[in-house]
Structure formats: structure tokens, C-alpha cells
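Have a look at the structure below before the remarks.
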Protein chains: 2
Amino acid sequence: MAELDLPASEPFRSVGFTLSSLGYAVARGFTGALVPLEIEPRDFALLRALVASQGDSQQAIGERLGIPASRMVGFIDAHEARGLIERRQDPADRRVHALHLTDAGQELLARAFTIAVAYEQELCGDLSSPEREQLLELLQRVSLQLGLAPGLHAAQGSDEMAGE
Amino acid sequence: MAELDLPASEPFRSVGFTLSSLGYAVARGFTGALVPLEIEPRDFALLRALVASQGDSQQAIGERLGIPASRMVGFIDAHEARGLIERRQDPADRRVHALHLTDAGQELLARAFTIAVAYEQELCGDLSSPEREQLLELLQRVSLQLGLAPGLHAAQGSDEMAGE
DNA sequence: TATTGTTATACTCTATAACTATA
DNA sequence: TATAGTTATAGAGTATAACAATA
């Protein structure tokens with residue numbers, strides 16, 4: 001997209017193009033790395049969100065992750081069926097389901113973290129520590145150009161760290 | 001994913017995480033930038049592929065883009081209905097539909113390129129020219145770690161430069 | 001018998017809106 | 001009247017496999 005010498009064919013060198021395809025590949029790779037745990041990146045994001053806010057309501061968590069209320073139902077159902085998450089009645093407001101990680105959920109999350117760390121090391125295997133820092137810094141500046149909150153994430157449907 | 005001091009909450013600084021979310025945001029942004037042309041990134045990819053190989057068969061193009069034959073039918077139908085692409089009978093093998101860009105298709109592609117260039121400039125607005133080069137170089141090295149052919153792209157279904 | 005393009009079918013994922021029980 | 005969670009329904013997108021014409 002930068003040097004528009006070509007009529008319209010060869011894979012041009014552009015930041016937008018590269019980030020888009022690389023981001024997709026990274027998400028797909030991470031999805032693959034999580035397969036042994038039988039979870040996907042979206043599940044990882046959910047478990048992480050739960051650690052940050054144990055006891056919050058189903059809809060509050062959903063809002064933070066950008067997941068509509070109706071979709072949260074089945075999403076939480078699946079994790080509860082696996083014994084990773086617990087719905088607890090709020091005694092003050094019986095409409096509310098407060099979400100909590102079970103011990104099994106915390107253990108699985110820990111294992112997912114181990115995988116995430118290993119994957120990060122694999123990705124950056126060719127970079128020195130300062131190079132990695134600089135890459136992060138440059139990416140950060142592109143993020144700001146896009147108006148992205150630095151470091152925000154979600155377990156949205158449309159992929160994002162999920163390769164499906 | 002790099003510094004695993006946190007139990008599992010704050011948005012950590014990791015190349016994998018950043019690339020995944022940024023890539024998604026870039027794709028979504030590019031999708032938005034193309035809206036005035038009433039095309040999506042996958043259409044842009046198709047038109048580009050056609051320039052590179054005018055006259056190739058429908059399935060050959062599909063294979064290059066990673067699109068199964070059955071999906072190509074409706075995909076090409078839509079573009080033919082808009083007058084952007086033409087199916088021509090191959091006199092030698094009457095099963096084959098050779099695909100060609102129409103004049104309208106070439107004009108639309110040119111306009112899409114203009115948008116892509118503008119989007120690239122917007123993304124890199126905060127970067128100096130050497131910084132941009134270095135970013136591309138670092139991304140390239142991460143791509144190689146992932147075993148990605150440098151500069152390969154597709155018009156796959158599962159998003160990739162498409163925000164849906 | 002294999003291949004190009006097509007169609008039919010079924011499946012996954014998702015959003016929208018209606019519904020319930022509480023407040 | 002509003003809200004948390006649920007359910008029902010319908011829509012988009014896709015893959016799989018069967019099919020017709022041609023080789």
C-alpha cells in the first residue's frame with residue numbers, strides 16, 4: 001500500500017496488510033497451541049476476566065468482553081458444565097448470577113498461561129530483548145493512531161485471537 | 001505473556017496479544033474505509049488476484065485465494081452481477097470459465113488502491129520513514145518464526161482483513 | 001474415469017426480540 | 001416500569017457432498 005508502483009499484483013509491503021495477515025496467523029497459532037487444553041482464546045479471555053472481577057454479574061462480565069447478554073448464557077453454560085465456572089445467587093438481588101472461577105478453572109487458567117508464555121517466546125524467538133521492546137513500542141504507536149485503547153482486549157465473536 | 005508477575009488480570013504487554021488485537025482492528029478499519037466503494041477486503045483481494053492472472057479458471061483463482069470451489073460460484077456471481085468480472089468460455093475446454101476483469105472492475109480496483117494507500121498513511125502517520133521500515137522488518141521476522149510465507153495473503157472466509 | 005463448475009443440504013455462529021422472574 | 005437472565009427464532013456464512021456437462 002505504500003509504494004504503488006505495481007499495477008495491482010505482487011504482495012506489496014504495507015504495515016496494514018502485514019499486521020492484518022500476521023494478526024490472523026498469530027491468533028490461529030494460539031488457537032492451535034490451546035487445543036490440548038480443549039479451550040479457545042475466547043475461553044482464555046473469559047477465565048482471565050473472571051480472575052479480575054470475581055463475583056461480578058454475568059452481564060457485567062459480558063459487557064466488559066463485548067459479548068451480548070443472550071450469548072453469555074450458553075457461553076457460561078458450557079464452562080459451568082465443565083466445572084470451570086460457578087454461578088452463585090446474589091442474596092441481595094435474586095435476579096443476579098455472580099460468576100466465580102472454581103479451583104479447576106483456576107488450574108486450567110494457570111496452564112493456559114504457561115502455554116501463552118511459551119507461545120510468546122516462540123513468536124519472539126528471533127528477536128533480542130531490546131528489539132522486542134521496540135516492536136511493542138512501534139505497535140503501540142500504530143494502535144494509538146487507530147484510536148485503540150492500549151492493551152484492551154475482548155472475547156468477541158469475530159475471531160480476534162481466535163482462528164475460526 | 002512476557003512478564004508473568006500478574007496472577008492473571010491486567011492487560012499484559014505481549015507481542016502475540018498485541019499483534020492479534022491490532023491485526024483485527026486494522027482489518028476492521030480497512031473494511032470501514034472500503035464501505036464507500038461497497039466492497040470488502042475479500043473483494044479487493046479477488047480483484048487483485050484477477051489482475052495477476054487474467055484468464056485463469058475459476059477454480060485456479062479460488063485455490064490461490066484459499067476459497068473452495070463451491071464458494072467461488074456465488075462469490076463470482078456477485079461480482080459478475082455488478083459488472084466487475086466476466087466469465088468467458090474457454091474454446092479448448094468448455095468446462096472452464098476463464099475469469100477476466102471488466103473495465104469497471106479495473107476502475108473500482110484503482111479506487112480501492114487509492115483508499116488502501118490512504119489507510120496505510122493514516123496507520124503510519126505517527127511513524128518516521130525509517131521507523132516504518134524497521135517495523136516492517138521486525139514484523140517480517142516474527143512472520144518467519146510463524147512459518148508464514150512473507151507477503152502471502154488470501155481472501156479467506158474467516159476474516160483476515162475483513163471485520164465481520 | 002477424472003475434472004469444472006454448480007447445486008443442495010446441513011451445520012455453526014450470531015443477533016434480535018420476546019419472555020420470566022425479580023426489583 | 002426497569003433490569004438480569006433466559007429462550008426462540010431467524011439470518012448469515014460456510015463446508016460437504018451429490019450432480020451435470022465435458023474431457
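Computation of the quantities below employed the complete heavy-atom set of this structure, encompassing side-chain atoms and omitting hydrogens, waters and symmetry-equivalent molecules. This one's a predicted model, so the numbers in the text were calculated from it and none came from an experiment. A note on names: the letters A, B, ... follow the listed sequences, proteins ahead of strands, and every chain is numbered from 1.
When rounded to the nearest whole Å, the span between CZ of Phe75(A) and C1' of dT6(D) equals 17 Å. Distance Arg88(A) CZ to dG5(D) P: 15 Å, rounded to the nearest Å. Summarising the geometry, the separation between CD1 on Ile61(A) and P on dG5(D) is reported as 10 Å, rounded to the nearest angstrom. Rounding to whole angstrom units, CG of residue Asp90(A) and C1' of dA21(C) are separated by 15 Å.
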Per-nucleotide protein contact string for nucleotides 2-9 of chain C (B base, S sugar-phosphate only, - none; heavy atom under 4.0 Å): BBBBBB--
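With sequence neighbours excluded, the residues that form a salt bridge (charged side-chain N to carboxylate O under 4.0 Å, His left out) with Asp77(B) are Arg87(B). Asp93(B) meets the salt bridge (charged side-chain N to carboxylate O under 4.0 Å, His left out) test with Arg95(B); sequence neighbours excluded. By the side-chain hydrogen bond (donor to acceptor under 3.5 Å, both in side chains) test, Ser128(B) is found to be paired with Glu131(B), residues two or more places apart in sequence or in another chain being considered. For the side-chain hydrogen bond (donor to acceptor under 3.5 Å, both in side chains) test, residues two or more places apart in sequence or in another chain that qualify with Ser53(B) are Arg64(B). Applying the salt bridge (charged side-chain N to carboxylate O under 4.0 Å, His left out) test to Glu137(A) and every residue at least two apart in sequence or in another chain returns Arg141(A). The salt bridge (charged side-chain N to carboxylate O under 4.0 Å, His left out) test applied to Arg88(B) returns Glu86(B), not counting sequence neighbours.
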If you restrict it to nitrogen or oxygen atoms, what contacts under 3.5 Å exist between nucleotides 9-12 of chain D and the protein, and what is each distance?
none

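Pairs of residues two or more places apart, or lying in two chains, never qualify as salt bridge (charged side-chain N to carboxylate O under 4.0 Å, His left out) while including a residue from residues 97-114 of chain A.
Grouping the Ile, Leu, Val, Met, Phe, Trp and Tyr side chains by contacts below 4.5 angstrom, directly or via other members, places Leu46(B) apart from Val96(B).
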